[in-house]
Protein chains: 2
Amino acid sequence: MDTRFNEIAAVIGDPTRATILWTLMEGRAFTATELALEAETSPQNISMHLHKLVQAGLLSVESQGRHKYYRFSRKEIAYALEGMTLLLPRPDQTRQRHDEPDQPIRQCRTCYDHLAGKLGVGVTESLLKQKIISLKDQEPVLTRRGMKWFSDLGIEPRALMEQRRSFLRTCLDWSERKHHIAGSLAAALLNHMLAGDWLRRTGGSRALVVTSRGRKEFYEHFRITI
Amino acid sequence: MDTRFNEIAAVIGDPTRATILWTLMEGRAFTATELALEAETSPQNISMHLHKLVQAGLLSVESQGRHKYYRFSRKEIAYALEGMTLLLPRPDQTRQRHDEPDQPIRQCRTCYDHLAGKLGVGVTESLLKQKIISLKDQEPVLTRRGMKWFSDLGIEPRALMEQRRSFLRTCLDWSERKHHIAGSLAAALLNHMLAGDWLRRTGGSRALVVTSRGRKEFYEHFRITI
DNA sequence: ATCACAGTTCATTCGAAAATGAAGTATATC
DNA sequence: GATATACTTCATTTTCGAATGAACTGTGAT
């Protein structure tokens with residue numbers, strides 16, 4: 001195990017490869033040239049690095065015409081890389097940074113079956129602010145007002161509550177280090193967004209794109225600018 | 001973020017440093033010399049690497065006399081490194097290896113407040129086998145027989161169920177890639193083991209040591225050999 | 001058929017950082 | 001005090017693998 005850990009550490013340890021991996025966190029597949037541009041290096045060099053990453057089982061390739069598309073070989077890769085952000089020096093939690101007040105939300109993806117990333121955290125914060133959900137002993141609960149809100153949206157909380165699976169809980173977001181909501185209610189909300197074409201899944205990955213309709217809806221419902 | 005990720009990747013990318021980190025996964029603190037022995041390198045060299053790891057915020061040092069004890073600066077470091085095992089090539093799940101049939105259980109640690117690692121997974125499997133818990137739609141539930149079993153042990157499941165926090169759920173073990181039980185029932189079970197001196201915590205870390213009494217009890221209750 | 005583009009291969013160069021050697025500080029033991 | 005041990009510092013060497021240059025394969029467009 002020791003040596004295998006060393007191998008994998010060596011593979012991600014190179015700055016060029018780390019950049020490749022971080023770029024692929026966006027969720028979609030990239031061509032070799034795109035990645036070379038992103039990592040600011042030559043085609044030969046990127047080719048060598050991509051070869052190593054594929055060899056190591058981190059990436060998979062798909063040829064389309066004269067292009068080769070690289071992406072994570074399985075979704076666990078993205079989770080592990082996100083988890084590595086825990087290794088970053090812990091930011092000082094006491095003072096909040098307000099340098100970039102209205103930064104548009106970039107990171108947008110799913111976490112199993114619910115909305116994660118900056119957008120997931122943003123939606124959760126808005127739900128709290130609007131008192132659609134509230135915190136009781138750190139655990140999220142649906143308020144009376146929230147019952148109506150979801151019902152108006154076409155989601156029946158009562159039906160979900162009767163299911164075996166957990167109804168509403170929080171899930172720690174690796175990259176944001178904040179919580180977002182999970183559970184059947186959160187899954188239903190994501191489904192609503194996908195069904196209503198606020199968001200679209202991109203090529204089998206965990207990444208989502210916000211449609212122009214979505215932009216409008218996210219602002220109207222959550223005052224979130226994307 | 002990109003560059004910060006590169007930095008952290010570079011830090012763990014060196015084989016000597018990766019070995020240090022993997023060694024520290026055992027949970028206890030190590031002296032510089034112990035780590036040098038483990039990594040098979042010179043004292044000067046280990047000193048240099050340890051310095052870099054401390055600089056990067058991954059390790060903390062404590063001087064005791066002429067020794068210096070190194071350990072993870074915070075427990076998230078261990079979680080992130082465990083998470084990295086997801087990056088290892090997925091083992092072929094179809095055929096099980098039976099090379100080492102009665103390997104004693106080495107990895108033994110806590111995951112937040114419940115038992116994790118090989119021992120945690122072993123206990124969970126035994127509970128299932130003994131029908132103390134069973135799976136309904138992938139979710140663990142306490143059986144009637146289990147009610148009595150826990151009650152005989154001095155743990156009252158009914159009292160725990162009334163608590164707000166989740167009573168019994170599964171938690172994926174990074175390193176074992178199997179599930180172990182979590183929730184208030186699992187926490188109560190770990191408390192029982194600590195109180196009964198089956199296990200002892202070692203110096204503030206997540207690692208646990210099995211006492212000789214524990215060895216006996218684990219065999220009697222779970223048919224687990226350590 | 002010809003040219004441009006996307007990507008790879010291989011031999012070679014180059015550089016950052018890992019390892020080493022020698023010497024120094026601090027603590028413990030006799 | 002004298003000596004051994006634990007660890008560090010710094011200047012120097014060494015090494016490994018990343019990057020480069022040149023040449024090659026395969027696809028697509030004209």
Side-chain angles (χ1 to χ4, degrees), chain A residues 2-24 28-73 203, chain B residues 2-24 28-71 73 87 203:
Chain A
D2 194 346
T3 52
R4 297 209 300 146
F5 182 80
N6 280 16
E7 282 165 32
I8 209 71
V11 169
I12 57 172
D14 173 77
T16 304
R17 285 195 291 267
T19 304
I20 292 173
L21 293 172
W22 197 253
T23 303
L24 289 172
R28 52 176 258 256
F30 281 72
T31 66
T33 313
E34 286 175 317
L35 290 168
L37 245 51
E38 201 69 37
E40 300 181 323
T41 185
S42 66
Q44 313 97 289
N45 201 27
I46 212 79
S47 179
M48 183 267 289
H49 286 300
L50 288 170
H51 180 74
K52 288 196 178 183
L53 288 166
V54 171
Q55 281 295 306
L58 299 193
L59 304 188
S60 61
V61 213
E62 202 181 326
S63 292
Q64 262 176 46
R66 55 181 171 179
H67 297 277
K68 286 204 175 178
Y69 285 91
Y70 291 87
R71 65 175 62 188
F72 293 133
S73 59
Chain B
D2 194 344
T3 52
R4 297 208 302 146
F5 182 80
N6 280 17
E7 282 165 32
I8 209 70
V11 170
I12 57 172
D14 173 77
T16 303
R17 286 193 292 267
T19 303
I20 292 172
L21 293 172
W22 195 252
T23 304
L24 290 172
R28 50 174 259 256
F30 282 72
T31 66
T33 313
E34 285 176 316
L35 291 168
L37 245 51
E38 201 69 36
E40 300 182 320
T41 185
S42 66
Q44 312 97 291
N45 200 27
I46 212 79
S47 178
M48 183 266 289
H49 285 300
L50 287 170
H51 180 74
K52 288 197 177 181
L53 287 166
V54 171
Q55 281 296 307
L58 298 193
L59 304 188
S60 62
V61 213
E62 202 181 326
S63 292
Q64 265 177 42
R66 56 182 169 180
H67 297 275
K68 286 205 172 176
Y69 285 91
Y70 291 87
R71 66 176 61 187
S73 61
L87 297 175

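Letters A, B, ... are given to chains in the order of the sequence lines, protein chains preceding strands, and every chain is numbered from 1. All figures in this text were calculated on a predicted structure; none of them were measured in a lab. Just so you know, these numbers use all the heavy atoms, side chains as well, and skip hydrogens, waters and symmetry mates.
- Rounded to whole angstrom, the span from the CG atom of Asn6(A) across to the C1' atom of dC16(D) amounts to 15 Å.
- With dT8(D), dA18(D), dT20(D) as the choices, the nucleotide that has an atom nearest any side-chain atom of Gln44(B) turns out to be dT8(D).
- In this structure, Glu40(B) atom CD and dA19(C) atom P are separated by 12 Å, rounded to whole Å.
- The side chain of Thr16(A) places an N or O atom within less than 4.0 Å of a non-bridging phosphate oxygen (OP1 or OP2) of dA19(D).
- At least one side-chain heavy atom of Ile12(A) sits under 4.5 Å from a side-chain heavy atom of Leu58(A).
- Between His49(A) and dG17(D), a side-chain N or O to OP1/OP2 separation shorter than 4.0 Å is absent.
- Spacing between atom CG of Asn45(B) and atom C1' of dT14(D) amounts to 12 Å, rounded to whole angstrom units.
- Closest to the side chain of Ser47(B), from the set dA22(D), dT9(D), dA17(C), is dT9(D).
- Atom CZ of Phe72(A) and atom CG of Leu21(A) lie 5.5 Å apart (nearest 0.5 Å).
- Straight-line distance from the CD atom of Gln64(A) to the C1' atom of dG28(D): 15 Å, rounded to whole Å.
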Under 3.5 Å, N/O pairs linking protein and nucleotides 2-6 of chain D:
from   : atom 1 : to       : atom 2 : distance (Å)
dT5(D) : O4'    : Arg66(B) : NH1    : 3.4
dT5(D) : O2     : Arg66(B) : NH1    : 3.2
dA6(D) : O3'    : Arg66(B) : O      : 3.2

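- With a 4.5 Å cut-off on side-chain heavy atoms, Ile20(A) and Phe30(A) do not count as touching.
- Nucleic acid contact for Tyr70(B): sugar-phosphate only, since backbone atoms but no base atoms lie under 4.0 Å from a heavy atom of the residue.
- The CG atom of Asn6(A) sits 12.0 Å away from the CZ atom of Arg4(A) when rounded to the nearest 0.5 Å.
- Put simply, the side chain of Ser73(A) gets close to the backbone of Gly57(A): a donor and an acceptor are under 3.5 Å apart.
- When the C1' atom of dA19(D) is taken as reference, atom NZ of Lys52(A) falls 11 Å away, rounded to whole Å.
- Evaluation of the salt bridge (Lys or Arg N to Asp or Glu O under 4.0 Å) test over residues 34-52 of chain B, restricted to residues two or more places apart or in two chains, returns Arg28(B)-Glu34(B).
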